[in-house]
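Here is how names work: the chains are called A, B, and so on, in the same order as the sequence lines, proteins then strands, and each is numbered from 1.
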Amino acid sequence: MLDRKFILENAPLVKENCLRRKSPADVDRFVALETQRRALQARLDDLNRQANELSRSIGKADAAQREALKAKGRELRAEAQAAEHELAGLAAELDAIHRAIPNLSHPDAPVGENANRELRRGKTPLPTFNFPPRDHVQLGEQLDLIDLEGGARVAGHGFYFLKNEAVLLELALQRYALDVLLREVFTPAITPDLARNEILSGIGYIPRGPETQIYSIADSDLSLVATAEITLGGLLADHILEREELPIKLCGISHCYRTEAGAHGRATRGLYRVHQFTKVEMFAFTTPEQSEEMLEHFCELECRLFDGLGIPYRVIDTCTAELGGPAYRKFDLEAWMPGRGEQGEFGEVTSTSNCTDYQARRLGIRFRNKHEKGTHFVHTLNGTAIAISRALIAILENYQQADGSVRMPPVLQPLLGFDAITPKTQAKRDAAPHSS
RNA sequence: GGAGAGGUGGCUGAGUGGUCUAAAGCGCGGGUUUGCUAAACCCGUGACCUCGCAAGGGGUCCGCAGGUUCGAAUCCUGUCCUCUCCGCCA
């Protein structure tokens with residue numbers, strides 16, 4: 001959320017920003033309602049003051065006067081309660097608009113729709129194949145790594161089984177990412193896969209409703225998390241930190257669950273858009289002065305991770321129309337996926353955002369300066385270290401060989417214990433244990 | 001899942017209807033004293049909203065939401081969380 005006072009004092013700027021970000025939030029209505037709310041609050045404060053004064057006087061009054069004073073007190077309290085109800089009604093609508101107003105945008109973020117800007121390329125050149133490259137679905141099937149049909153049978157379209165070497169690959173990718181991040185003094189965490197709806201909406205997700213990306217748990221106020229950003233950010237909800245404690249860098253492993261409502265027909269093949277995957281996520285709480293640098297740091301780490309894996313990618317500065325509500329600026333890494341489209345295409349594999357104080361304001365995460373009264377909101381940032389499903393796509397498709405095998409990125413080989421995934425022979429398949 | 005206890009400021013913790021306008025300690029800040037450091041002593045120290053140029057004033061907040069009352073940290077109901085014990089369980 002933006003600061004209410006800020007919106008009031010900078011309505012034209014906030015409106016302009018909503019336009020750039022394709023947000024339908026009604027800023028004018030917000031300003032009108034907020035102005036009303038303030039007046040009403042002032043009246044309520046005054047009624048409360050009178051009632052408080054009166055109550056104090058009753059304690060000291062003699063018995064003869066008490067009944068009359070009590071009656072007056074009842075009157076005042078009734079009036080105050082009416083004002084309070086009116087206020088609650090106003091506040092509900094106000095809050096709904098308030099939450100819909102997106103964060104401000106970084107002045108350097110490209111403005112408009114389809115205006116994403118490529119900032120740079122990774123170290124690894126695009127691969128060339130002297131054979132028609134397969135996509136990860138074919139590779140996954142031929143090498144018995146990904147069972148989409150099995151996933152569909154058990155849980156429906158969008159679910160899958162990882163099998164055989166793909167299981168080790170998932171674990172190796174987690175460990176690889178973690179090793180890199182531990183050297184950068186992130187505190188590692190394995191987070192809950194469920195979170196309270198209050199936390200979800202603090203981070204900026206809408207737990208329920210027709211467009212929601214979130215699976216909710218029936219008869220509870222819990223939802224499956226769409227990313228560990230939710231749990232890591234929620235970790236310090238309602239905390240006041242000392243400036244010296246910042247920045248705090250965390251990385252969390254969690255499963256991510258997404259309904260992908262409204263995403264049908266959009267690059268749905270294989271592992272690209274699935275309802276569940278595992279992700280190693282980076283998260284930081286910083287002071288306002290630290291957040292821009294931290295965004296660069298996160299982006300650099302994402303680049304380091306994919307350079308290390310030997311996967312070609314480009315870095316994108318996301319345009320304003322495509323920024324999510326909380327993001328002030330967002331960089332995406334798009335990895336080269338040779339099996340995508342006709343000739344191969346770039347596909348998003350990671351993303352890092354500076355959310356400035358937008359999430360912190362909702363979650364109540366503040367810090368304090370020594371020698372200073374009051375508090376300030378921290379800045380929060382998140383970034384993908386590795387989203388396993390999409391990293392798998394990139395590895396399988398970029399490292400495939402003419403004979404149908406897939407070499408393993410050298411950095412993963414010590415973690416995996418093998419250097420390539422080769423087609424199983426019939427004998428090996430027969431020897432593999434079958435579940436009944 | 002059952003029984004019990006409890007959630008109070010940055011932390012510990014007192015407070016069972018009206019000077020609670022929340023004690024005290026710790027921590028933190030300032031000062032005095034002081035070869036240095038430490039100790040001791042003194043003073044000051046919650047958040048949020050709002051009015052005011054300021055000094056300062058008002059309101060809200062004792063897990064959360066309701067209720068009783070002129071008045072609630074305190075009484076009642078619901079709810080969430082924590083702890084102890086029992087049961088179940090990887």
Side-chain angles (χ1 to χ4, degrees), chain A residues 1-9 30-31 33-95 97-99 190-202 207 216-223 230-231 234-246 248 255 285 287 357-378:
Chain A
M1 288 189 286
L2 297 179
D3 181 40
R4 287 205 306 255
K5 209 186 299 173
F6 179 88
I7 300 171
L8 229 50
E9 288 166 2
F30 180 90
V31 169
L33 287 173
E34 173 65 6
T35 309
Q36 270 184 59
R37 193 195 62 81
R38 282 177 164 228
L40 195 54
Q41 181 71 54
R43 193 157 71 84
L44 177 62
D45 284 357
D46 189 58
L47 285 169
N48 278 331
R49 183 187 55 76
Q50 290 180 44
N52 286 343
E53 267 174 25
L54 187 74
S55 292
R56 273 190 286 263
S57 76
I58 290 178
K60 295 165 193 153
D62 48 73
Q65 299 169 324
R66 282 206 176 188
E67 283 315 312
L69 289 172
K70 279 189 191 182
K72 177 67 181 161
R74 269 191 289 271
E75 232 172 80
L76 279 169
R77 297 283 173 184
E79 229 180 299
Q81 200 164 30
E84 219 170 313
H85 278 124
E86 203 182 328
L87 197 62
L90 259 181
E93 192 189 344
L94 203 48
D95 190 58
I97 303 175
H98 193 184
R99 283 175 177 276
I190 293 176
T191 82
D193 283 350
L194 277 72
R196 291 180 190 290
N197 292 332
E198 194 185 327
I199 300 290
L200 282 270
S201 73
S216 55
I217 307 294
D219 303 319
S220 80
D221 67 337
L222 293 171
S223 296
I230 292 166
T231 45
L235 184 64
L236 294 181
D238 294 320
H239 276 237
I240 301 175
L241 304 158
E242 300 297 333
R243 182 182 201 100
E244 289 66 35
E245 297 177 73
L246 300 170
I248 295 171
H255 291 120
F285 302 93
T287 65
D357 60 1
Y358 192 88
Q359 295 174 326
R361 185 168 285 111
R362 290 188 182 193
L363 291 168
I365 309 176
R366 293 171 290 172
F367 72 96
R368 175 183 3 245
N369 286 318
K370 275 201 163 62
H371 310 289
E372 218 183 271
K373 213 172 148 57
T375 59
H376 310 271
F377 289 105
V378 302

(request) Report yes if some heavy atom in the side chain of A/Leu194 is under 4.5 Å from a heavy atom in the side chain of A/Thr231; otherwise report no. (result) no
(message) For B/A47 and A/Arg366 - does any side-chain N or O of the residue sit under 4.0 Å from the phosphate oxygens OP1/OP2?
(response) no
(message) Taking salt bridge (Lys or Arg N to Asp or Glu O under 4.0 Å) as the definition, give me every residue that meets it alongside A/Glu242, ordered by chain and number, with sequence neighbours left out.
(response) A/Arg368
(request) Using the test salt bridge (Lys or Arg N to Asp or Glu O under 4.0 Å), find all partners of A/Asp357 that sit at least two apart in sequence or belong to another chain. (result) A/Arg361
(message) Suppose we define a pair by two distances each less than 3.5 Å, Watson-Crick or G-U wobble; what does B/U32 pair with here?
(response) B/A40
(message) If I pick the P atom on B/G67 and the same atom on B/C48, what distance separates them, to the nearest angstrom?
(response) 28 Å
(message) Taking only the P atom of each, what is the distance from B/A72 to B/G59 in whole angstrom?
(response) 13 Å
(request) Using whole Å, report how far CG of A/Leu90 lies from C1' of B/C49. (result) 16 Å
(message) Output the rounded distance in Å from CG (A/Asn369) to P (B/G29).
(response) 14 Å
(message) Rounding to an integer number of Å, can you tell me how far A/Asp357 CG sits from B/C48 C1'?
(response) 16 Å
(request) Name the pairing partner of B/A73, where a pair is Watson-Crick or G-U wobble with both distances under 3.5 Å, or state none. (result) none
(message) What's the gap between B/C81 and B/G71 when it is taken at their P atoms, as a whole Å value?
(response) 32 Å
(request) Could you work out the separation of B/G63 and B/G13 based on their P atoms and round it to a whole Å? (result) 14 Å
(request) Treat primed atoms plus P, OP1 and OP2 as sugar-phosphate and everything else as base, then score nucleotides 56-73 of chain B 5' to 3': B for base contact with protein heavy atoms under 4.0 Å, S for sugar-phosphate contact only, - for none. (result) --BSS------S--BS--
(message) Pairing check on B/U45: which nucleotide meets the Watson-Crick or G-U wobble criteria with it, both distances under 3.5 Å?
(response) B/G27
Pick out the pairs of N or O atoms, protein on one side and nucleotides 53-55 of chain B on the other, that lie under 3.5 Å.
none

(request) For B/A38 versus B/U21, give the span between their P atoms, rounded off to a whole number of Å. (result) 39 Å
(message) Any strand counts, and the cut-off is 3.5 Å on both contacts for Watson-Crick or G-U wobble. Which nucleotide pairs with B/G9?
(response) none
(request) Kindly indicate whether the side chain of A/Asp238, heavy atoms from C-beta on, has any atom under 4.5 Å from the side chain of A/Ile365. (result) no
(request) Once you apply the 3.5 Å cut-off to both distances, tell me the Watson-Crick or G-U wobble partner of B/G52, or none. (result) none
(message) Run the ring pair (Phe, Tyr, Trp, His ring centres under 6.0 Å) test against A/His239 and tell me which residues pass, sequence neighbours left out.
(response) none
(request) For A/Arg38, enumerate each residue passing the side-chain hydrogen bond (donor to acceptor under 3.5 Å, both in side chains) test, keeping only those at least two apart in sequence or located in another chain. (result) none
(request) Could you pull out all residues at least two apart from A/Asp3 that satisfy salt bridge (Lys or Arg N to Asp or Glu O under 4.0 Å)? (result) none
(message) Any strand counts, and the cut-off is 3.5 Å on both contacts for Watson-Crick or G-U wobble. Which nucleotide pairs with B/A3?
(response) B/U84
(request) Write down the distance separating the C1' atoms in B/G15 and B/U8, rounded off to the nearest Å. (result) 9 Å
(request) Flag the pair A/Arg49 and A/Asp45 as a salt bridge only when some basic side-chain nitrogen lies within less than 4.0 angstrom of an acidic carboxylate oxygen. (result) no
(request) Could you state the atom-to-atom distance from CZ of A/Arg368 to P of B/A47 in whole Å? (result) 7 Å
(request) May I have the distance from A/Lys5 (atom NZ) to B/C51 (atom C1'), rounded to whole angstrom? (result) 12 Å
(message) Closest-nucleotide mapping onto RNA chain B: is A/Glu242 or A/Arg38 further toward the 5' terminus? I mean the 5' end.
(response) A/Glu242
(request) Provide the Watson-Crick or G-U wobble partner of B/C89, both distances under 3.5 Å; none if there is no partner. (result) none
(request) Salt-bridge test for A/Glu53 and A/Arg56: reply yes if a basic N is under 4.0 Å from a carboxylate O, no otherwise. (result) no
Tabulate below the donor-acceptor pairs under 3.5 Å that side-chain atoms of residues 68-83 of chain A make, not counting sequence neighbours, or state none.
from    : atom 1 : to      : atom 2 : distance (Å)
A/Arg77 : NH2    : A/Asn52 : OD1    : 3.4
A/Arg77 : NH2    : A/Ser55 : OG     : 3.3

(message) Could you tell me how far apart A/Arg361 (CZ) and B/A47 (C1') are, to the nearest whole angstrom?
(response) 15 Å
(message) Please report the distance separating the P of B/U74 from the corresponding atom of B/C62, rounded so that it comes out in whole Å.
(response) 8 Å
(request) Write down the partner of B/C64 under the Watson-Crick or G-U wobble criteria, each distance required to be under 3.5 Å. (result) B/G78
(message) Expressed as a whole number of angstroms, how long is the span from A/Phe367:CZ to B/A47:P?
(response) 14 Å
(request) Determine the interatomic distance between C1' on B/C28 and the same-named atom on B/C36; round to the nearest Å. (result) 23 Å
(message) For A/Glu67, give me all partners under side-chain hydrogen bond (donor to acceptor under 3.5 Å, both in side chains), at least two apart in sequence or on another chain.
(response) none
(message) Can you measure A/Arg43 atom CZ to B/U50 atom C1' for me and round it to whole angstrom units?
(response) 16 Å
